[in-house]
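What follows is a short report on a single structure.
Remember, predicted model here, so these are calculated numbers, not experimental data. Counting from 1, the numbers follow the sequence of the chain as shown.
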Amino acid sequence: MKKIVLSIALMAAFTGIKAQENSTKPFSHMDLGVTLGTTGVGFDVQMPVHDIVKLRAGFEFMPRFTYNMHFDVESFDSEGMPTSATLDRMSEVLYGLTGFKVDQNITMKGKPTMWNFKFLVDVYPFKNKHWHVTAGFHWGPSKIAEAVNAQEDSPSLFAVGMYNHLYDVAYTDWIEDIPTPIIDTETTGPVYMDPKIEKQIVKMGRMGIPLGKFTHDMVDANGKLHKQGETYYMEPNENSMVFAEARTNSFKPYLGFGYEGRLIKNNDKFHIGFDAGVMFWGGTPSIITHEGINLAKDVEDIGGKVGSYVDLVKGFKVFPVLNLRITRTIF
């Protein structure tokens, strides 16, 4: 893709240069522009290198705004199947052991993080010099968006993580008959859980946030095996957080066209125009959770606002660009 875009840009520029004699001195003046559109807010500078060819470079970023997505915490067993235990009962047991409560509803705040540098070649093939075709690239971090749990949900996620640790201890001790202490220090020595409590915890299962079904067998970032068709229950990490990141290629070729004309009648210093085209970001973006699960590829049947968000991201194999641009000649 890089070679294709650069070839198109060079061919367009070469064709234009060969088509007419150049009367413009390269870099003889500079236009400073501000942009607003689907790629965010930005600015750029543009300089001519030929009568029909201009080079443009700049920076753009997406303003930060948040999009709330709500999840429910549910229970499941060691095979990833839902259990009959209610979260109220599980929370009651956890509160009795630790003094922490679990809120069934968890909120994640999604927000864009995209910003890019850009380098574009504008070719003006027509005599009126208003319409142009453009080729070039955008470059920036591969992460374009993220979703992180709301700060007020941190205590609940901490409680979920604590409960699941107790479940792991109870499961190993009760099911596999391997005594596992919940505390083992030089001061206290090994401290074991009451067998009655272990049995109750194992019966109730783990806590997690169901997101969808696995599309294939896979191993997550923690080394846990998941089977095709099994429900993906997202669990908090060691920092009591849940999050996901949308990622694309850092290098994003661009192809498009545009128009520009005077903003003020009989004034050649100010211009207004638009750019329309597509940014090629390397196919379907990845949406990776903190557990290494790609929601765009590894999981299906995702419901609610999260499913709508994932479907929206998956639908954009390329990123549509439509930007308004206002420029002023500064010399």
Side-chain angles (χ1 to χ4, degrees), residues 1-2 5-6 9 30-47 54-69 108-122 132 134-151 241 243-260 263 270-290 295-296 305-306 308-310 312-330:
M1 180 58 70
K2 297 179 186 179
V5 172
L6 293 176
M30 175 184 290
D31 296 330
L32 177 64
V34 292
T35 59
L36 175 65
T38 58
T39 57
V41 180
F43 67 90
D44 57 38
V45 293
Q46 184 181 55
M47 302 186 75
K54 295 181 180 179
L55 301 182
R56 190 163 22 132
F59 174 82
E60 57 198 6
F61 69 95
M62 189 68 69
R64 297 296 178 93
F65 59 88
T66 59
Y67 177 76
N68 290 340
M69 295 171 284
M108 291 185 70
K109 295 184 175 292
K111 57 185 177 182
T113 62
M114 185 171 70
W115 58 265
N116 289 290
F117 293 102
K118 63 182 178 183
F119 179 80
L120 305 173
V121 179
D122 296 321
H132 60 82
T134 303
F137 65 87
H138 294 69
W139 180 90
S142 61
K143 186 174 77 170
I144 60 172
E146 65 180 12
V148 183
N149 62 272
Q151 186 174 0
M241 295 180 63
F243 61 86
E245 297 178 348
R247 293 185 172 275
T248 65
N249 288 345
S250 293
F251 183 87
K252 310 169 188 72
Y254 172 81
L255 287 175
F257 67 94
Y259 176 90
E260 67 177 59
L263 178 62
F270 294 92
H271 289 80
I272 186 171
F274 72 89
D275 286 295
V278 289
M279 185 192 304
F280 299 89
W281 56 16
T284 302
S286 298
I287 306 175
I288 310 296
T289 70
H290 61 281
L295 298 180
K305 286 187 177 181
V306 181
S308 300
Y309 173 78
V310 172
L312 176 66
V313 174
K314 288 171 61 176
F316 285 104
K317 310 297 183 182
V318 298
F319 187 78
V321 175
L322 182 59
N323 288 336
L324 176 70
R325 183 167 178 261
I326 298 177
T327 62
R328 186 189 189 284
T329 300
I330 56 177

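- Using bins of under 30°, 30° to 60° and over 60° for the plane-to-plane angle, the ring pair Y254/H138 lands in the perpendicular bin.
- For F59, the ring-ring contact (aromatic ring centres under 6.0 Å, His included) test picks out W115, F117, with sequence neighbours left out.
- Residues that satisfy the side-chain contact (heavy atoms from CB on, under 4.5 Å) test with I330, not counting sequence neighbours, are M30, L32, R328.
- Checking D44 against T35 by side-chain atom types alone, no donor-acceptor pair falls below 3.5 Å.
- Side-chain contact between Q46 and H271 is absent, with no heavy-atom pair separated by less than 4.5 Å.
- You'll find the side chain of F243 stays beyond 4.5 Å of the side chain of N149, heavy atoms only.
- Residues W281 and F316 have side chains in contact (heavy-atom distance under 4.5 Å, counting atoms from C-beta outward).
- Taking 4.0 Å as the cut-off between side-chain N and carboxylate O, D275 and R56 count as a salt-bridged pair.
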Can R247 and S142 be said to form a side chain to side chain donor-acceptor pair (under 3.5 Å), step by step? CA-CA 5 Å; R247 293 185 172 275; S142 61; 2.7 Å; yes

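- For the ring-ring contact (aromatic ring centres under 6.0 Å, His included) criterion with F251, the lone passing option out of F119, F137, W139, F280 is F137.
- In terms of heavy atoms, R64 sits closest to P112 at CD-O, 3.0 Å.
- Classified by interplanar angle (parallel below 30°, tilted 30° to 60°, perpendicular above 60°), the ring pair F257/F274 is perpendicular.
- No side-chain heavy atom of T327 sits less than 4.5 Å from a side-chain heavy atom of L263.
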